[in-house]
Number of protein chains: 2
Amino acid sequence: MTTTLAPVFAALGDDTRWAVLARLGEGPASASALARELPVSRQAIVKHLEVLVAAGLVESERRGREVVHRALGGRLSDVARELDRIGRTWDARLARIKALAEE
Amino acid sequence: MTTTLAPVFAALGDDTRWAVLARLGEGPASASALARELPVSRQAIVKHLEVLVAAGLVESERRGREVVHRALGGRLSDVARELDRIGRTWDARLARIKALAEE
DNA sequence: ACGTGGTGCAACCACCGAGTTGCACAGGCG
DNA sequence: CGCCTGTGCAACTCGGTGGTTGCACCACGT
């Protein structure tokens, strides 16, 4: 269920998307609200939100006539754990190779 | 020292780059070697390596007539720690807001 | 009922980046 | 010395995507 983390990084690779995430990290907001606070159109925000939702980083909920979005920190922590695991594996392999060569 | 993690995510957002990293995670290799094992040209590999080096995820060293590259797992772990920290912050804020609204 | 603010949908543009090919240069090895 | 392999540099193509504008629709408040 480690839903490939590639899409997550693809999502995190854009500055505007980070701005959106950072803002949502402060608290839930609607697309229009975000468009007001950021230097891009609402449509652009909407597209970014779609990407973020697809990556599992944001959750959306219809609330009356507006749609409220909130950042999912848990997902980010999951990715972090996975990343750390991979990093350690690399270093471990490298150490083994190095030890093998030193004799 | 938190060397902006933005470039790291930009680097990790590409599938081919992950393939290169995964391969380097198995052990050091030259650009030509990588080009042989992956379905892309050597030049493409070279460009990806430049990006990865810029992101601090790969280290290169000239070894005779070839250049050997190796993955830096430590960097990955650093990014992971940072990510986890951010994720927890978001969730903490969200919890506070929720608690505030429930009374 | 009517106006307003929020969403959804579609067409469109511009640029960046992934990938390629071609060629010149450098360093081992017979 | 000559050959072969690996690297470096440059020009070029092409698709994806971040961004925009315009319009239709829906829900809430007065």
Side-chain angles (χ1 to χ4, degrees), chain A residues 3-71 101, chain B residues 4-71 97 101:
Chain A
T3 49
T4 53
L5 44 171
V8 176
F9 293 120
L12 261 42
D14 183 75
D15 288 337
T16 304
R17 224 127 53 200
W18 262 109
V20 170
L21 272 176
R23 172 56 187 80
L24 287 183
E26 305 282 335
S30 72
S32 296
L34 289 168
R36 262 180 252 119
E37 302 176 27
L38 296 176
V40 285
S41 72
R42 176 181 61 90
Q43 295 304 331
I45 299 280
V46 170
K47 287 190 187 177
H48 285 308
L49 285 172
E50 284 172 4
V51 175
L52 291 171
V53 168
L57 291 167
V58 164
E59 194 181 39
S60 303
E61 181 197 357
R62 177 138 228 148
R63 192 82 183 255
R65 80 173 149 183
E66 63 181 18
V67 179
V68 175
H69 311 272
R70 60 181 152 284
Chain B
T4 54
L5 45 169
V8 177
F9 296 126
L12 261 43
D14 184 77
D15 288 336
T16 304
R17 225 126 53 200
W18 265 110
V20 171
L21 273 176
R23 171 57 187 80
L24 287 182
E26 306 283 336
S30 72
S32 296
L34 289 168
R36 262 180 253 118
E37 303 177 28
L38 296 176
V40 285
S41 73
R42 177 181 60 90
Q43 294 305 330
I45 299 280
V46 170
K47 287 189 187 178
H48 284 308
L49 285 173
E50 285 172 4
V51 175
L52 291 171
V53 168
L57 292 167
V58 165
E59 195 181 37
S60 303
E61 181 196 356
R62 175 136 229 150
R63 193 81 186 253
R65 81 171 151 184
E66 61 183 19
V67 179
V68 175
H69 311 272
R70 61 181 150 283
I97 294 178

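Each chain gets a letter, A, B and so on, in the order its sequence line appears, and its residues count up from 1. Since the structure is predicted, the reported quantities are computational estimates derived from the model, not experimental observations.
- Contacts of B:R36 classified as side-chain contact (heavy atoms from CB on, under 4.5 Å), with partners at least two apart in sequence or in another chain: B:S32, B:A33.
- A:S41 pairs by the side-chain contact (heavy atoms from CB on, under 4.5 Å) definition with A:Q43, A:A44, not counting sequence neighbours.
- The nearest whole Å value for the distance from the CD atom in B:E50 to the C1' atom in D:dA10 is 13 Å.
- Taking every heavy atom of residues 23-36 of chain A and every atom of DNA chain C, pairs under 4.0 Å involve A:S30, A:A31, A:S32, A:R36, by number.
- Nearest heavy atom pair, residue A:V8 against residue A:A55, reads CG2-O, 3.7 Å.
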- Query: Please walk me through it: do A:L49 and A:L34 pass side-chain contact (heavy atoms from CB on, under 4.5 Å)?
  - Reply: CA-CA 10 Å; A:L49 285 172; A:L34 289 168; 4.3 Å; yes
- Item | Contact pattern, 5' to 3', of nucleotides 18-30 of chain C - B, S or - by protein heavy atom under 4.0 Å | SBBBB----BS--
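- For the salt bridge (charged side-chain N to carboxylate O under 4.0 Å, His left out) condition, the pairs that include at least one residue of residues 10-30 of chain A, sequence neighbours left out, are A:R23-A:E37, A:E26-B:R93.
- Spacing between atom CG of A:L38 and atom P of D:dG18 amounts to 15 Å, rounded to whole angstrom units.
- In terms of heavy-atom proximity, B:G25 sits nearest to B:A71 at N-CB, 4.1 Å.
- The aromatic rings of A:W18 and B:F9 are tilted relative to each other, their planes meeting at an angle between 30° and 60°.
- Between the CG atom of B:D15 and the P atom of D:dG15 there is a distance of 18 Å, given to the nearest Å.
- Here the shortest heavy-atom pairing between A:S60 and A:V67 reads CB-CG1, 4.1 Å.
- Between A:H69 and A:A31 the shortest heavy-atom distance is CD2-N, 3.9 Å.
- A 4.5 Å side-chain heavy-atom check between A:L12 and A:L57 finds at least one atom pair inside the cut-off.
- Between its opening and closing five pairs, the helix from C:dA1-D:dT30 to C:dG30-D:dC1 changes axis direction by 30°, a value rounded to 10 degrees.
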